[in-house]
Amino acid sequence: MPARDFYHDAVKTALIKAGWTITNDPLRLKWGVRELFVDLGVTKLIAAQKAEQRIAVEIKGFTNPSVVADLEQALGQYLIYRAILEEIQPNYLLYLAIRQMTYQGIFNEPLGELIRQKYRVNLLIFNNQKQEIVQWLP
């Protein structure tokens, strides 16, 4: 079982507050001989459409001294998980959960904007103090 990010419970609480249901903690992915784990599998009933929306959420704290190293690791993990999800569970949309402070830092800089747009990184921005979702991008 993978280690949980420091902000795992804050994101989980924020999603529940926003009406989401945690279905997998973690969401297991298997590709070939490799087994990987996205932090959370989550669903929400969209009453107007009578359908269920499914998302997978990878949580990253960006707590290392080098924010660029954190970005490299987060992007690599995000792209691997997204590639596998597109093949085996295409009904899931992958989000990278980051703190508001992280968004206002690296993801608000030209490097972060380039990476987010070029690699189509979906962001779930949360306030870890209030344990609430602040913004969804895109």
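Worth saying up front: this structure is predicted, and the values here are computed from it rather than measured.
- A heavy-atom distance below 4.5 Å is not found between the side chains of Leu94 and Asn122.
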message: With side-chain contact (heavy atoms from CB on, under 4.5 Å) as the criterion, how do Lys44 and Thr21 come out once you've worked through the C-alpha distance, each side chain's angles and the decisive distance to 0.1 Å?
response: CA-CA 6 Å; Lys44 185 174 191 177; Thr21 301; over 6 Å; no

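- Side-chain atoms of Leu27 and Tyr92, non-hydrogen and from C-beta on, do get closer than 4.5 Å to each other.
- Cluster annotation: Leu124 is not connected to Leu79 through the hydrophobic network of ILVMFWY side chains, with a link wherever side-chain heavy atoms come within less than 4.5 Å.
- Between Ile98 and Ile106 the shortest side-chain heavy-atom distance does not fall below 4.5 Å.
- Here the straight-line distance linking atom CD of Glu113 with atom CZ of Arg116 works out to 7.5 Å at 0.5 Å rounding.
- One hydrophobic cluster holds both Phe6 and Ile59 under the rule that ILVMFWY side chains link at heavy-atom gaps under 4.5 Å.
- By the criterion of side-chain heavy atoms lying less than 4.5 angstrom apart, applied directly or through intervening Ile, Leu, Val, Met, Phe, Trp or Tyr residues, Val134 is not grouped with Ile16; the two fall into different hydrophobic clusters.
- Gln100 CD to Ile133 CD1: the interatomic distance, rounded to the nearest 0.5 Å, is 12.5 Å.
- The closest side-chain heavy-atom distance from Leu96 to Gln77 is not below 4.5 Å.
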field: Val57 vs Val38, side-chain contact (heavy atoms from CB on, under 4.5 Å): CA-CA, chis, key distance, verdict
entry: CA-CA 6 Å; Val57 179; Val38 181; 5.6 Å; no

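- Residues in residues 128-138 take part in no side chain to side chain donor-acceptor pair (under 3.5 Å) pair, two or more places apart or across chains.
- For the pair Ile55 and Val42, the minimum side-chain heavy-atom distance is below 4.5 Å.
- A pairwise comparison of heavy atoms in Val11 and Leu40 identifies CG1-CD1, 4.3 Å as the closest pair.
- Across all their heavy atoms, Leu123 and Tyr103 have their closest contact at CD1-CD1, 3.9 Å.
- Two residues are said to be in side-chain contact when any heavy atoms from C-beta on lie closer than 4.5 Å; Phe126 and Tyr7 meet this criterion.
- Within a 6.0 Å sphere centred on NZ of Lys30, heavy atoms belonging to other residues, nucleotides or ligands number more than 12.
- Hydrophobic clustering, with ILVMFWY side chains joined whenever heavy atoms are under 4.5 angstrom apart, groups Ile125 together with Leu71.
- Checked against ring-ring contact (aromatic ring centres under 6.0 Å, His included), Phe62 has the following partners two or more places apart in sequence or in another chain: Phe107.
- For the pair Glu52 and Ile46, the minimum side-chain heavy-atom distance is 4.5 Å or more.
- At a threshold of 4.5 Å between non-hydrogen side-chain atoms, the residues Leu85 and Arg54 do not count as touching.
- Among residues at least two apart or in separate chains, salt bridge (charged side-chain N to carboxylate O under 4.0 Å, His left out) pairs with a member in residues 76-92 are Arg82-Glu86.
- A donor-acceptor distance shorter than 3.5 angstrom exists from the side chain of Tyr81 to the backbone of Phe37, with no hydrogens or angles considered.
- Shown here for Asp39 and Asp25, the closest heavy-atom pair between the two residues is O-OD1, 3.5 Å.
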message: Between Thr102 and Asp70, does the side-chain contact (heavy atoms from CB on, under 4.5 Å) criterion hold? Intermediate values first, please.
response: CA-CA 10 Å; Thr102 302; Asp70 279 342; over 6 Å; no

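- By the criterion of side-chain heavy atoms lying less than 4.5 angstrom apart, applied directly or through intervening Ile, Leu, Val, Met, Phe, Trp or Tyr residues, Leu111 is grouped together with Tyr78 in one hydrophobic cluster.
- Atom CD of residue Gln53 and atom CG of residue Asn91 lie 11.0 Å apart, to the nearest 0.5 angstrom.
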